[in-house]
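Remarks on the structure that follows.
Index from 1, following the sequence. Indexing begins at 1, ligand by ligand and atom by atom, following the structure's order. None of the values given here were measured: they were computed from a predicted structure.
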Amino acid sequence: MPPTQYRTVHTVEVTEDRIGQTVTVAGWVQRRRDHGGIVFVDVRDATGIVQVVLDPTEIPEAHRLRMEFCVSITGEVRARPEGTVNPDLATGRVEIGATGLEVLSPADTLPFMIEDRVEVDERTRLEFRYLDLRRPSMAANVVARSRAIAAMRRVMDRLGFLEVETPTLIVSTPEGARDLLVPSRLRPGTFYALPQSPQLFKQLLMVAGVERYYQVAKCYRDEDFRADRQIEFSQLDLEGSFWGREEVLETLEEIVVEVVRELRGVELERPFLRLTWQEAMDRYGTDKPDTRFGMEIVDLSDVFAETEFRAFSATLDAGGVVRGFNAGGQETSRSRLDGLVERARELGAKGLVWMVVQPDATLRSPVAKFLSDDELAAVVERLDARPGDLLLVAADEWRTAASVLGQLRVELGRPAGHRELAPLFVIDFPTFEPTEDGGWAPSHHPFTAPVDVDQMASDPEHSISWAYDLVLNGAELGSGSVRIHDPEVQAKVFDVLGIEPEEAERRFGWFLRGLRYGTPPHAGFAIGIDRFVSILRDEPNIRQVIPFPKTQTGADPLTGAPSAVADTHLAELGIMLRPGLGADDR
Ligand code: ASP
């Protein structure tokens, strides 16, 4: 960065080769120490820290300096005295002997120290986010996010994508979450929706002849907050025409490789692993498998086909499965094992059977006495069990067994604190998932192309779609699909979804009409930027990499949003609040 009127150099540039030079640095007072009448100040800017020594007899203002005062200081670079060198600091061999000090602005007493190690509750951090972002690890997150987005744009540009903006005041889009609404003043009683994604607009851009589209897009979903969701989030959204799945997946690999290279300095191997949805569910019990560790789930149903053990035979007779995995060497105290059974119940399982392999390869288990020797031996063999291993087995309906075992697998096996990256694609998602009222909902969104249209109509349960997900270390980084470009297929999908033609026309007529003007085959994807950056930065939650996030309850402690508005403003919008919800007129 070039010099400005407030500085000639950045702190990081103040190194031994400048000894004897006069420089001006500008930044914040990170620390201030008084030693025998001399004031030592660490000045921090966006690049680092440098030590400045001020003599108050020459610069009386030095006494005024407090933490986080914003200053510009001029002085001569000199070598630090013997014994005071700090080898951990880029500028640790030198200091600036100040000849001039300008306090650019003072700082109030801080709500917390500007240091990484200080524990502060998140609400306070968010209320003073501008101070929180001064902390080195948070400042590094801001830098990383910017570099990740720049890397994404670089790839998109290289591959000939156009960045096209789409509106954020729109009608409802069908990603399946609740819309955030914005009342219209010019047409009282009507509302805009904020986009859950640019989905329909990007598809219409394909109709419009834009062959490669991307956008760093803000998306809004009014969901109940889970640990790693935000009401407002950012996606790298992309779409291409005359494209199919392979082109999308290749493009995604380029993006992921470039961003990982940028933030981690490592080269990921291509092609990424691919698992079908069925394989992922069978082996890992989830559609976002973490493949950094084994503990794969194994089907044991055939082992127990003839079993006398009622809990297993009844489940199998009812069309369920018996499945399990080898959790390896674990602590197997009775209370821990009881805890695991309890956890499985919490996750929705009917129960959980644990077995501990004894030194003589027999199994210690509350159900051992109900199982035959052959059955026990087959379990040991199937699960490749060694003495000391803990085996966990669930008998349940397939989906429940998968999700419970999948969750336990992650809780028992997920590697903590190691930096391996395991990206993969999950492909061949089902087109639909069952709804509670016996109907069908789209697994992805209703514009996703089924692989076999006729089968989709006659046997929705087993229909596979051209939808795919990108998964990194067990987290879903994003989804996409090949889209329907034939209005008749689109109508059939609505039919399975129970959306009457009139309703489709009312909700998406504007979009469906577009499909009738020569729509090219097209496909696309959206990567969640927040999650991607948080994983690469080893941050446990996405709020750490969002400059100004909301809390778990959708609030912004910095600004006080969401807030009540004046009645006069509501009146202009034609809105009257229910009694008890109104604000005073302000
Ligand atoms: N619009 C989709 C989403 O946000 C992604 C896509 O299909 O491209 O999940």
| message | With a 4.5 Å cut-off on side-chain heavy atoms, are E239 and L205 touching? | response |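 They are not in side-chain contact.
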| Taking the side chain as C-beta and beyond, is there a heavy-atom pair between F112 and R135 under 4.5 Å? |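 Yes; the side chains approach each other to less than 4.5 Å.
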Heavy-atom contacts with [X] under 4.0 Å: which atoms of ligand 1 show up? List them by number with element.
X	answer
H444	6 (C), 7 (O), 9 (O)
R221	3 (C), 4 (O), 9 (O)
F525	8 (O)
Q235	3 (C), 4 (O)
G480	6 (C), 7 (O)

| Where is the tightest heavy-atom contact between R507 and W510, given as atom of each residue plus distance? |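 Reported closest heavy-atom pair: O-NE1, 3.4 Å.
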| field | Shortest non-hydrogen contact between L352 and L340, atoms and distance | value |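 So the two residues come closest at CD2-O, 3.7 Å.
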Please say whether [X] places an N or O atom under 3.5 Å from an N or O atom belonging to ligand 1.
X	answer
K202	yes
R483	yes
Q199	yes
E239	no

| Just heavy atoms, cut-off under 4.0 Å: does Q203 contact ligand 1 by side chain, backbone, both, or neither? |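 No part of Q203 comes within reach of ligand 1.
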| Structural part of S197 in contact with ligand 1, heavy atom criterion under 4.0 angstrom |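 Side chain only; the backbone of S197 stays clear of ligand 1.
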| request: Run the ring-centre check on F201 versus F511 and record whether the distance is less than 6.0 Å. | output: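 Judged by ring-centre distance (under 6.0 Å), F201 and F511 do not meet the cut-off.
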| query | So, F233 versus Y220, ring centres under 6.0 angstrom or not? | reply |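 Aromatic pair excluded; centres sit 6.0 Å or further apart.
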| message | With rounding to the nearest 0.5 angstrom, report the OG1 to CZ distance, T251 to F161. | response |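 Nearest 0.5 Å value for the OG1-CZ distance: 4.5 Å.
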| task | Decide whether the shortest distance between a heavy atom of H445 and an atom of ligand 1 is less than 4.0 Å. | result |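 Heavy atoms of H445 do come under 4.0 Å of ligand 1.
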| said: Please confirm whether E476 approaches ligand 1 to less than 4.0 Å, judged on its heavy atoms. | reply: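 No, that is not the case, since the closest heavy atom of the residue is not under 4.0 Å from the ligand.
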| Do you know which of I529, D469, I535, V471 makes side-chain contact (heavy atoms from CB on, under 4.5 Å) with L477? |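 That would be I535.
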| query | Taking 4.0 angstrom as the limit, do E476 and K288 come out as a salt bridge? | reply |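 Salt bridge between E476 and K288, a charged N being under 4.0 Å from a carboxylate O: no.
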